[in-house]
Amino acid sequence: MANTEDTNKFERQRQQKLSRIKELGIDPYGGRYDGVEPAKDIKHRFKDGDDTQQAKCAGRIVLLRDIGKLIFITLRDWSGTIQIGLSKSQMGEQWTLAKLLELGDIIGAAGRLGKTKTGEITVWADNVTLLSKSLLPPPEKFHGLSDIDRRFRQRYVDLWANPEVMELFKKRSAIISTIREVLKDSGFMEVETPMMQTIPGGAAAKPFITHHNSLNMDLFLRIAPELFLKRLLVGGMEKVFEINRNFRNEGLSKQHNPEFTMLELYQAYADYFGMMDLTEQIISVLVEKYCEGDHVKFNDETIDFTRPWRRAEYAELLKEYSGCDIDDIASVRAKARELGLGEADTDDAVVINKLFEAVVEDNLVNPTFVIDYPAALCPLTKRKKDNPKYAERFELFIGRMELANAYTELNDPDVQEDNFKTQLRGQEESLATMDADFITALKYGMPPAGGLGIGIDRLVMILAGALSIREVILFPTLRKKTSKE
RNA sequence: GGGAGUGUAGCUCAGCUGGUAGAGCAACGGCCUUUUAAGCCGUAGGUCUUGGGUUCGAGUCCCAACACUCUCACCA
């Protein structure tokens, strides 16, 4: 791998160039460089035929064509690329430096803006500044860096060697900004609640444990912000949201990273139908803004975002895809057994849900709100008034992935306390660990409310066409490198 | 944790049924003032992930370890 003795021979060669540059009295690591214009803007403002135009830019050398007394450089900055032309006759003393430049170096260049014979907009530099000498060889110029492990470990190389990666993360950032705008325009306030909690609650997941020295106590990295955001409802914040990390100590997959970004929001006096409308609205805005049309390609399929999105009852979908009636628990168990889902010593609700996950979820390509979950699976959710077997909850599926989860929040402290005490068999982690202070908060009175969680990483995957969650997280969780370096 | 696959030059990859390692790019030395993955001539670069084994002989076959990928399990 990298950084072995073999690599060092390349590094040594570059070190020698570094020495020669220093001997010329040039600082190889530059400094402040003012007045730089993005490459994209330079190209955009270029007017053909006007040879009085000047330009100044800075970036990394990604291609270099040395034709003797003339050097063409493709410079990449944050906005794109632009060609720099260096000619011996125009550069004078700086020609020595020009000949020492190589792939990967970061330079600044200023001079006349013009075109070459072949029509390429070019900055004919009369001044070149070395801003940072690169000491390691860059990846292959055409294929870029494709070793997937190295791409994630050395994202700093991936980002400039593979421009589409940079574009993806710009898009991610823009998506999150848009979400914030939409919510703020709707009167929501952004808040931050503890990432380190003494009781990990709000979801069924194994937490990471850490320790605080001077308090001498264990803390848990949060698996969800839910119980704190609801405390804010009690406090009188009527529309709150948080976009931040959750941590779950579970397996990794194309859809699971141990730390992932969630939007959670709570709206007083709303319910899960209100959350459905809001979800559809937010995501539709994003599709409109960041996708071409409302039919989005994802994983060789087309997702149809045309509104309104399908709303289907949990029981109805279970019937549709498994043939089982949710109330006929014997047939549900039989089917689960048939599929090898392990239903012994497991509560009915858990078996039903295992079957649902095995049979239904993988079919939901177009946006689908699955509504009215079995109440036993939803300890933090208000039950349906007309049918208390079910809870006022939905999950949104897109592209066979669970993207959002929402419900009418339970605000009855007595029911909540009972739910906390109920432990379902077959479910390793309790859905809701007893949090006495949360019950106390509810006893002061929490307004009826709708709550919504949207998995931001998965949403970005859909909108950007990324098939793995690690493609949309800058530094995904990886195994520690033990061998070599 | 189970299963499948992959690991060869700095990078991207070839290497058939076992006979002692190749290309392109990058590098190094030349030539070249309008190139576009520039071109041409030349040079150098490898404990074929690691450790065992089979064999006269292993990049190639077998076993094990390590890493990565996919997949199943796990997973609001």
Side-chain angles (χ1 to χ4, degrees), chain A residues 1-14 16-17 62-74 81 83-91 95 102-104 114-122 124 136-153 157 161 202-206 223-224 226 246 248-258 260 262 340-342 353-354 356-358 361 370 373 377-381 393-397 401-407 427-429 431-432 453 455 467-468 470 478-484:
Chain A
M1 301 303 257
N3 303 327
T4 60
E5 280 180 31
D6 292 333
T7 305
N8 284 343
K9 78 194 160 201
F10 288 91
E11 195 174 344
R12 236 179 290 118
Q13 282 173 350
R14 283 178 174 245
Q16 282 166 11
K17 274 194 180 164
V62 291
L63 292 173
L64 189 149
R65 298 171 288 279
D66 183 344
I67 338 186
K69 298 188 182 67
L70 193 61
I71 300 172
F72 290 104
I73 284 170
T74 302
T81 60
Q83 176 162 278
I84 310 297
L86 307 173
S87 91
K88 187 179 182 185
S89 59
Q90 284 173 32
M91 293 208 67
W95 185 246
E102 57 191 332
L103 293 176
K115 260 191 181 176
T116 60
K117 279 180 183 168
T118 50
E120 181 85 18
I121 298 170
T122 301
W124 290 103
L136 291 171
E140 210 254 11
K141 63 189 180 188
F142 187 59
H143 297 93
L145 181 64
S146 69
D147 182 290
I148 199 158
D149 189 48
R150 274 196 64 194
R151 284 188 46 230
F152 297 148
R153 285 183 199 282
V157 177
K206 296 188 194 73
I223 54 176
E226 171 151 358
N246 288 343
R248 297 186 184 176
N249 203 343
E250 289 157 359
L252 289 74
S253 81
K254 281 168 123 171
Q255 292 160 29
H256 298 263
N257 195 64
F260 61 100
M262 279 278 281
L341 295 176
N353 204 43
K354 278 190 173 186
F356 185 90
E357 288 176 356
E361 294 187 354
V370 178
Y373 277 64
L377 297 170
C378 316
L380 298 161
T381 310
R393 169 185 178 184
F394 75 78
E395 286 193 0
L396 171 66
F397 287 84
M401 287 194 290
E402 179 198 332
L403 237 86
N405 181 22
Y407 29 87
Q427 196 144 40
E428 280 186 42
E429 306 305 312
L431 279 164
L467 299 184
S468 165
R470 292 180 307 165
L478 301 168
R479 192 186 301 271
K480 191 164 82 181
K481 262 299 204 234
T482 48
S483 62
K484 296 183 181 175

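No hydrogens, no waters, no symmetry mates; every other heavy atom, side chains included, goes into these values. A note on names: the letters A, B, ... follow the listed sequences, proteins ahead of strands, and every chain is numbered from 1.
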- [ ] In whole angstrom, give me the gap between the P atoms of B:U17 and B:U6.
- [x] 13 Å
Open item on the list: On the nucleotide B:U12, are OP1 or OP2 found under 4.0 Å from the side-chain N or O atoms that A:S146 carries?
Closed with: yes
Open item on the list: Quick check for you: among B:A76, B:U69, B:U36, whose closest atom lies nearest to any side-chain atom of A:A204?
Closed with: B:A76
Open item on the list: Restricting to non-hydrogen atoms, name the atom on A:H256 and the atom on A:S253 that form the minimum distance, rounded to 0.1 Å.
Closed with: CD2-OG, 2.8 Å
TODO: Specify the separation, in whole Å, of atom CZ of A:R150 and atom C1' of B:U12.
DONE: 12 Å
Open item on the list: One character per nucleotide, please: for nucleotides 23-32 of chain B, 5' to 3', B when the base has a protein heavy atom closer than 4.0 Å, S when only the sugar-phosphate does, - otherwise.
Closed with: -BBBSS---B
- [ ] Please state the P separation for the pair B:C25 and B:U36 - nearest whole angstrom.
- [x] 14 Å
TODO: Check whether any side-chain heavy atom of A:I223 lies under 4.5 Å from a side-chain heavy atom of A:N246, and answer yes or no.
DONE: no
TODO: Between B:C74, B:A67, B:G10, spot the one nearest the side chain of A:K9, thanks.
DONE: B:G10
TODO: Starting from P on B:U36, measure out to CD1 on A:I71 and report it in whole angstrom.
DONE: 16 Å
- [ ] Would you check if the side chain of A:S89 reaches a backbone N or O of A:S87 as a donor-acceptor pair within less than 3.5 Å?
- [x] no
Task: Pairwise distance CD1(A:I148) to CG(A:L478) - rounded to 0.5 angstrom - done: 10.0 Å
- [ ] Can you figure out which of B:C11, B:A76, B:U35 approaches the side chain of A:Q83 most closely?
- [x] B:U35
Open item on the list: Between C1' on B:A67 and CG on A:L478, what's the gap in Å once rounded to a whole number?
Closed with: 12 Å
- [ ] Sticking with atom P, work out how far B:U47 lies from B:U60, rounded to a whole angstrom.
- [x] 16 Å
Open item on the list: Please compare A:F72 and A:S253 by the position of their nearest nucleotide in RNA chain B and report the one closer to 5'.
Closed with: A:F72
- [ ] Using a heavy-atom cut-off of under 4.0 Å over every strand shown, decide if A:G144 touches base, sugar-phosphate, or nothing.
- [x] sugar-phosphate
Task: Side-chain N or O of A:R248 closer than 4.0 Å to phosphate OP1/OP2 of B:C74 - done: no
Open item on the list: For the C1' atoms, the ones on B:C13 and on B:C72, what distance do you get once it is rounded to whole angstrom?
Closed with: 31 Å
Task: Residue pair A:L467 / A:K254: nearest heavy atoms and the distance that separates them - done: O-CE, 3.7 Å
- [ ] Tell me, please, which residues at least two apart from A:E395 pass side-chain hydrogen bond (donor to acceptor under 3.5 Å, both in side chains).
- [x] A:Y373, A:R393
Open item on the list: Checking contacts here: which listed nucleotide (B:C68, B:U35, B:C74) is nearest the side-chain heavy atoms of A:E120?
Closed with: B:U35
Task: Separation between the C1' atoms of B:G10 and B:A44, rounded to whole Å - done: 14 Å
- [ ] Specify the residue among A:R470 and A:E402 whose closest nucleotide of RNA chain B lies further upstream toward the 5′ end.
- [x] A:R470
Open item on the list: Atom NZ of residue position A:K17 - does it have more than 12 heavy atoms of other residues, nucleotides or ligands inside 6.0 Å?
Closed with: yes
TODO: Please work out if A:Y407 contacts a base, only the sugar-phosphate, or nothing of the nucleic acid, heavy-atom cut-off 4.0 Å.
DONE: base
Open item on the list: Please pick, from B:U12, B:U35, B:A76, the nucleotide with the shortest atom-to-atom distance to any side-chain atom of A:R65.
Closed with: B:U35
TODO: Could you check which of B:A76, B:U33, B:U34 has an atom nearest any side-chain atom of A:S89?
DONE: B:U33
TODO: Take atom C1' in B:C62 and the same atom in B:G29, then report the distance between them in whole Å.
DONE: 47 Å
Task: Separation between the C1' atoms of B:G46 and B:G5, rounded to whole Å - done: 24 Å
Open item on the list: Expressed as a whole number of angstroms, how long is the span from A:N353:CG to B:A76:C1'?
Closed with: 8 Å
Open item on the list: Please report the distance separating the C1' of B:C48 from the corresponding atom of B:G22, rounded so that it comes out in whole Å.
Closed with: 12 Å
Task: For A:G202 against A:L380, the heavy-atom pair lying closest together - done: CA-CD1, 4.0 Å
Open item on the list: Please pick, from B:C70, B:C68, B:A76, the nucleotide with the shortest atom-to-atom distance to any side-chain atom of A:K254.
Closed with: B:C70
Task: Base-pairing string, 5' to 3', of RNA chain B - Watson-Crick or wobble, under 3.5 Å, | interstrand - done: (((((((..((((.....[..)))).(((((.......))))).....(((((..]....))))))))))))....
Task: Nucleotide B:G39, atom C1' - distance to CG of A:L70 in whole Å - done: 14 Å
Open item on the list: How close do A:W124 and A:Q90 get, counting heavy atoms only, and between which atoms?
Closed with: CB-OE1, 4.3 Å
Task: Between C1' of B:C75 and CD of A:E361, the distance in whole Å - done: 11 Å
Open item on the list: Could you tell me how far apart A:D147 (CG) and B:U69 (P) are, to the nearest whole angstrom?
Closed with: 9 Å
Task: Minimal non-hydrogen separation, A:T122 against A:Q83, with atom names - done: OG1-NE2, 3.0 Å
TODO: Evaluate the side-chain proximity of A:L86 to A:W95: yes if any heavy-atom separation is below 4.5 Å, no if none is.
DONE: yes
TODO: Pick base, sugar-phosphate or nothing for A:W124, based on heavy-atom distances below 4.0 Å to the nucleic acid.
DONE: base
Open item on the list: Students often get this wrong, so: under 4.0 angstrom with heavy atoms, is A:L63 touching a base, only sugar-phosphate, or nothing?
Closed with: sugar-phosphate
- [ ] Calculate the interatomic distance between A:Q255 atom CD and B:A73 atom P; express it in whole Å.
- [x] 12 Å
TODO: Decide yes or no for A:E11 and A:L136: does some side-chain heavy atom of the first lie under 4.5 Å from some side-chain heavy atom of the second?
DONE: yes
